[in-house]
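The chains referred to below are lettered A, B, ... by the order of the sequence lines, with proteins before strands, and numbering in each begins at 1.
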There are 2 protein chains.
Amino acid sequence: MAPYDPSTFPPFAVTVDLVVLTVRRHALCALVVRRGETPFQGRWALPGGFVRTDEDLGAAAARELAEETGLCAHDPTTPAAGNGAHLEQLATYGDPGRDPRMRVVSVAHLALAPDLPAPRAGGDANSARWAPVEDLLRPEEGGFGGEGEPSASLAFDHARILGDGVERARSKIEYSSLATAFCPPEFTVGELRRVYEAVWGVVLDPRNFHRKVTGTPGFLVPSGGTTTRQGGRPAQLFRAGSATVLNPPMLRPEV
Amino acid sequence: MAPYDPSTFPPFAVTVDLVVLTVRRHALCALVVRRGETPFQGRWALPGGFVRTDEDLGAAAARELAEETGLCAHDPTTPAAGNGAHLEQLATYGDPGRDPRMRVVSVAHLALAPDLPAPRAGGDANSARWAPVEDLLRPEEGGFGGEGEPSASLAFDHARILGDGVERARSKIEYSSLATAFCPPEFTVGELRRVYEAVWGVVLDPRNFHRKVTGTPGFLVPSGGTTTRQGGRPAQLFRAGSATVLNPPMLRPEV
DNA sequence: GCAAAAGTGTTTGGACTACACCCATGC
DNA sequence: GCATGGGTGTAGTCCAAACACTTTTGC
């Protein structure tokens, strides 16, 4: 390590930004908040904030997640912080020009949550919402239009961060049981399949999917109950099992 | 994002730490440097240093890598910075107590390099060396003994960072062509197999391995030459192909 | 000739795909 | 009855593990 002189180290601001994903109405959606200040005033951005002086990075992300969604994060690296959404570190973004005001290094985190009623950023439904990632990442339009919403792309480099988070989620549900983080505590095989279909943007064979997930040891455990909330024949209810890594993995169909 | 006041943001020092891996004499090795200052004076640590004020994180990592090894990094995110070692961001470590002097957030990077002659940190062979990761991560001893070397574990939280980097490398050579980053520009199938064996710590069937890698399109391209440097029948020489992701992946034998 | 490493062929079993088909509910 | 989704059975196919075997060098 280079010689150290505490009086001359270059000071940085360190923030956490959150990619919070959920599945709503068959679409992968991300939580975005409307910026109230310059720069990018009025534009949509990922939720985030400064890391506090005596706070770990994961703790800062969990705090921001709770403030924005009310979710209690279950960070695997700090076990049993409560049950709730999955939270993991994604990547760190520190381009010198990414924030015009100053040098900001942002440690992005990825959170996966079941379908929640509605964001509650101060109770103001106009300042936070779920938006389909397909709309947020559309190259031309960038943001989502309609309802007089700003349709420009996300503030700062948040489109890139969101893209990285979505890609992480898409690959991680292949070889881990993380797709259950998008489901409520009890769910059916069909509901889990619709999560895979929404995240991957594909259509899966219900028969083979059922055989696959129920045949992977530790992935799902039957809870005993059944439900008919999807219509048709009653479906068995399951909880997430103890397995975290799927072997063999789920296979994402070729593009 | 929380209200912003430039005069009150908590200042952090931001560093990059490097996990530089190579394969030497059938063992996965990491580059470590001896600390000259407190804290952890005389202990081994990962190479690293402060990020400069107008420097991107990847650029800082590439600069440190060049300073320590002379390697020109090929960072996929900033294309064509030159040819040489593979370099990618690993994870960020910001526990408030990880450096007793001050609040330091370290953006760790992972570099994969072919077997190099010897570290040249100021030409002092005693201040930088390759050490088998098995020794560095041994829970009891921590460091590596012998030759009057300090045998305590790595400084700071560098054992954890090294462990994360090794785990990343082990999983990434499964589904990407990154294992070729451990090889010289021209190499044989047997040399590539010994890379997999060293990184995974397993023994692979030479026949099936040969069929697998030569049958994966874009993984290897024959360079035309042959070599007998391994003894036995002359082996075809290959270069890394254009494929970056392996489909189907290499299969790591069960533990 | 013998050891050593490279490379090919063959058998076998597991797993995925693509279906056909039956089951249990709401209406 | 009929639509809807849940769940099982089965044949074909692909792929990797396991192992026998041939090839080409150095000594």
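Taking the nucleotide of DNA chain C with the nearest heavy atom to each of A:Gly231 and B:Gly232, the more 5' of the two is matched to B:Gly232. In terms of position on DNA chain D, the residue among A:Phe238 and B:Pro248 whose nearest nucleotide sits closer to the 5' end is A:Phe238. Both A:Asn208 and B:Lys212 lie near DNA chain D, and the one whose nearest nucleotide falls closer to the 5' end is A:Asn208. DNA chain C is contacted by both B:Gly190 and A:Leu251; B:Gly190 maps to the nucleotide lying nearer its 5′ end (nearest heavy atom per residue).
Applying the salt bridge (Lys or Arg N to Asp or Glu O under 4.0 Å) criterion to A:Arg194, with sequence neighbours excluded, gives no partner residue. By the side-chain hydrogen bond (donor to acceptor under 3.5 Å, both in side chains) test, B:Thr92 is found to be paired with A:Thr92, residues two or more places apart in sequence or in another chain being considered. Partners of A:Tyr196 under the ring-ring contact (aromatic ring centres under 6.0 Å, His included) rule, at least two apart in sequence or in another chain, are A:Trp200, A:Phe209.
Here the side chains of A:Leu112 and A:Thr180 are not in contact, with every heavy-atom distance at 4.5 Å or above. A:Val20 has its side chain out of reach of A:Glu68: every pair of non-hydrogen atoms, C-beta onward, lies at least 4.5 Å apart.
With A:Thr69 contributing its side chain and A:Ala66 its backbone, the two residues share no donor-acceptor pair below 3.5 Å.
Checking A:Val107, A:Asp17, A:Asp164 one by one against A:Tyr93, the side-chain contact (heavy atoms from CB on, under 4.5 Å) holds for a single residue, A:Asp164.
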May I have the list of side-chain donor-acceptor pairs in residues 219-228 of chain B shorter than 3.5 Å, sequence neighbours left out?
unit_1: B:Ser223; atom_1: OG; unit_2: B:Glu186; atom_2: OE2; d: 3.0
unit_1: B:Ser223; atom_1: OG; unit_2: B:Leu237; atom_2: O; d: 3.3
unit_1: B:Thr227; atom_1: OG1; unit_2: B:Arg229; atom_2: N; d: 3.1

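Along DNA chain D, the stretch of nucleotides lying under 4.0 Å from any heavy atom of chain A spans, 5' to 3', D:dT4 to D:dT10. Close approach of DNA chain C to chain A, defined as any atom under 4.0 Å from a non-hydrogen atom of the protein, starts and stops at C:dC16 to C:dT25.
Using a 4.0 Å heavy-atom distance criterion, B:Arg193 is classed as a sugar-phosphate-only contact.
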